[in-house]
Number of protein chains: 2
Amino acid sequence: MRRDTRLSGVLHVLLHMAEMDGPVTSETMAIIMRSNPATMRRTMAGLRKAGFVKSDKGHGGGWSIERPLSEVTLRDIYTWLDSPELFAMGNRTDAPGCLVEEAVNAALGSAYDEARTVLLDRFATVTLAQLSDDFHRRMGAHAEAVDQEITHDI
Amino acid sequence: MRRDTRLSGVLHVLLHMAEMDGPVTSETMAIIMRSNPATMRRTMAGLRKAGFVKSDKGHGGGWSIERPLSEVTLRDIYTWLDSPELFAMGNRTDAPGCLVEEAVNAALGSAYDEARTVLLDRFATVTLAQLSDDFHRRMGAHAEAVDQEITHDI
DNA sequence: AATTACGTATCATATAAAGGTACATGAGAC
DNA sequence: GTCTCATGTACCTTTATATGATACGTAATT
């Protein structure tokens with residue numbers, strides 16, 4: 001099954017947007033994500049509907065973040081993407097009247113529900129600002145590593 | 001993405017097998033599951049490799065359960081199916097050198113890991129015997145409901 | 001008026017689960 | 001020994017769906 005990469009992709013884009021000045025066009029996003037403008041527009045549509053980003057047409061137009069990164073969690077983004085299916089495994093439903101199937105699906109279903117709750121609760125604890133901080137921390141560490149390499153070379 | 005229904009399907013088959021006497025052929029399984037023999041053989045192959053079921057060729061052949069249902073958990077079955085991917089969402093990897101992507105994937109990855117652990121731990125607490133018990137409980141409840149309906153009709 | 005950029009419909013492509021067919025191999029029945 | 005049954009597995013087709021790609025209408029800026 002092909003995996004849904006919209007959450008990963010849109011987070012990537014948002015963090016890049018946060019580093020850039022002014023609106024970012026779908027075209028630029030597509031280049032960053034090695035995707036295409038139409039796909040970016042589709043993916044961003046839900047975030048706009050939620051008021052987290054806006055899009056402007058015409059010269060100087062593009063996408064802009066409207067709210068502080070510290071106020072938005074991964075769970076918000078997930079919800080705004082229309083809550084994509086989380087699990088790659090599903091229940092057969094070919095025998096809806098079968099009591100065996102009912103028992104199996106009840107057991108699997110409650111396990112999935114529990115895992116879903118854990119995952120979404122975890123998503124709710126991570127803000128975009130935290131992700132951005134982590135990115136900058138990595139930038140710092142990377143710069144140091146590069147410095148050390150240079151030092152070693154000398 | 002198309003969901004993987006092997007776990008749900010194989011549990012369904014195993015519980016039916018437990019209710020039947022003697023070996024069950026792939027053909028019979030396929031009828032129960034509205035599938036086909038080749039698919040059943042493929043799915044059961046991992047369980048045979050683990051020694052949980054055996055398959056015999058020739059007259060009177062078919063599949064038989066080799067170990068008590070109380071000794072096998074959902075997690076065992078999941079593992080014997082070669083641990084199929086659990087999540088429908090994945091990370092983009094188009095920009096492996098990008099620190100933003102690293103930060104995003106680290107955050108999502110640890111959330112998925114946590115949810116995976118919860119799900120598999122939960123699977124480990126449920127034995128096939130428990131599932132079978134639940135099925136029989138449903139049978140009883142269903143029989144009572146039918147009795148009541150009949151009483152009402154009279 | 002021309003250009004830029006989004007909004008969205010439509011079609012194409014890629015991927016993986018599952019469906020299906022075929023045939024070789026091995027085991028019991030006669 | 002031969003026939004029939006049933007598995008083991010290779011191979012191809014079908015189906016579902018995320019994503020890629022194109023096109024064109026609409027709105028905003030120059």
Side-chain angles (χ1 to χ4, degrees), chain A residues 1-10 12-13 17 22-49 53-64 66 78 81-95, chain B residues 1-10 12-13 17 20 22-49 53-64 66 78 81-94:
Chain A
M1 140 207 344
R2 193 168 200 182
R3 325 268 301 270
D4 184 334
T5 61
R6 281 178 298 160
L7 181 59
S8 168
V10 78
H12 190 165
V13 166
M17 283 176 71
V24 179
T25 66
S26 305
E27 182 69 35
T28 301
M29 289 181 179
I31 291 169
I32 294 173
M33 293 306 300
R34 290 168 176 75
S35 177
N36 69 82
T39 301
M40 300 314 302
R41 292 182 191 125
R42 269 189 304 220
T43 305
M44 297 293 286
L47 310 200
R48 181 184 54 230
K49 203 170 162 188
V53 297
K54 69 168 180 177
S55 59
D56 292 304
K57 296 180 176 182
H59 286 274
W63 299 83
S64 317
E66 291 280 278
Y78 169 79
L81 290 177
D82 206 26
S83 305
E85 176 56 47
L86 290 178
F87 297 104
M89 308 184 67
N91 293 335
R92 295 188 76 94
T93 51
D94 286 328
Chain B
M1 139 203 345
R2 193 168 204 183
R3 326 269 301 272
D4 184 333
T5 61
R6 281 178 297 160
L7 180 59
S8 167
V10 78
H12 190 167
V13 165
M17 285 175 71
M20 301 166 78
V24 179
T25 66
S26 306
E27 182 69 35
T28 302
M29 288 183 179
I31 292 170
I32 293 173
M33 293 305 300
R34 292 169 175 75
S35 178
N36 70 82
T39 301
M40 301 313 303
R41 292 184 193 124
R42 268 188 305 224
T43 305
M44 298 293 287
L47 309 201
R48 180 186 54 230
K49 203 170 163 190
V53 296
K54 69 168 180 176
S55 60
D56 291 304
K57 297 181 176 180
H59 284 275
W63 299 82
S64 318
E66 291 278 280
Y78 169 78
L81 290 177
D82 207 26
S83 304
E85 177 57 46
L86 290 178
F87 298 104
M89 307 185 69
N91 293 336
R92 296 188 73 95
T93 50
D94 286 327

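Residue numbers begin at 1 in each chain, while the letters A, B, ... track the order of the sequences. Please read these numbers as outputs of a predicted model, since none were measured by experiment.
- Looking at heavy atoms from C-beta onward, B:Met89 lies in side-chain contact with A:Pro84 at the 4.5 angstrom threshold.
- Under the salt bridge (charged side-chain N to carboxylate O under 4.0 Å, His left out) criterion, A:Lys57 pairs with no residue, sequence neighbours left out.
- Checking B:Ala45 against A:Asn36, the closest nucleotide of DNA chain D that is more toward the 5' end is the one next to B:Ala45.
- Atom P of nucleotide C:dC6 and atom CG of A:Leu47 are separated by 14 Å, given to the nearest angstrom.
- Residues satisfying the side-chain contact (heavy atoms from CB on, under 4.5 Å) criterion with B:Asn36, sequence neighbours excluded, are B:Ala38, B:Thr39.
- Residues A:Ser35 and B:Trp63 both approach DNA chain D. Their nearest nucleotides, taken by heavy-atom distance, put B:Trp63 toward the 5′ side.
- For the residue pair B:Ser35 and A:Arg92, the shortest heavy atom distance occurs at CB-NH2, 4.4 Å.
- The side-chain hydrogen bond (donor to acceptor under 3.5 Å, both in side chains) search around B:Thr25 returns B:Thr28, not counting sequence neighbours.
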Mind listing the N/O atom pairs, protein and nucleotides 27-30 of chain D, below 3.5 Å?
unit_1, atom_1, unit_2, atom_2, d
D:dA27, O4', A:Lys57, NZ, 3.4

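- OP1 or OP2 of C:dG19 has at least one side-chain nitrogen or oxygen of B:Thr39 nearer than 4.0 Å.
- Atoms CZ (A:Arg34) and P (D:dA21) sit 13 Å apart, rounded to a whole Å.
- Of all nucleotides listed (C:dC6, D:dA21, D:dT19), D:dT19 comes nearest to the side chain of A:Arg6.
- Between the CG atom of B:Leu81 and the P atom of C:dA17 there is a distance of 12 Å, given to the nearest Å.
- Distance B:Met33 CE to C:dA18 P: 10 Å, rounded to the nearest Å.
- Remark: C1' of D:dC5 and CD of B:Glu27 are 11 Å apart, rounded to the nearest angstrom.
- Closest approach to the B:Arg41 side chain among C:dC6, D:dT19, D:dT7 is made by D:dT7 (side chain taken as heavy atoms from C-beta onward).
- OP1 or OP2 of C:dG7 has at least one side-chain nitrogen or oxygen of A:Arg48 nearer than 4.0 Å.
- Listed pair B:Thr5 / C:dA18 meets the phosphate criterion, a side-chain N or O lying under 4.0 Å from OP1 or OP2.
- Taking the side-chain contact (heavy atoms from CB on, under 4.5 Å) definition, one finds that A:Lys54 meets it with A:Asp56, A:Ser64, A:Glu66, sequence neighbours left out.
- The base of C:dG19 sits with one of its N or O atoms less than 3.5 Å from a complementary donor or acceptor on the side chain of B:Arg42.
- Taking atom CG of residue A:Leu7 and atom P of nucleotide D:dT19, one finds them 11 Å apart after rounding to whole Å.
- Remark: the backbone N or O of A:Asn91 is not paired with any side-chain donor or acceptor of B:Arg3 at under 3.5 angstrom.
- Within the structure, salt bridge (Lys or Arg N to Asp or Glu O under 4.0 Å) contacts touching residues 37-48 of chain B (residues at least two apart or in different chains) do not occur.
- Regarding B:Glu85, its CD atom lies at a distance of 18 Å from the C1' atom of C:dA18, rounded to whole Å.
- Of the listed nucleotides (C:dG7, D:dA21, D:dG8), D:dA21 has the atom at the smallest distance from the side chain of A:Ala38.
- Taking atom CG of residue A:Asp4 and atom C1' of nucleotide D:dT17, one finds them 10 Å apart after rounding to whole Å.
- The side chain of A:Ser26 places an N or O atom within less than 4.0 Å of a non-bridging phosphate oxygen (OP1 or OP2) of C:dC6.
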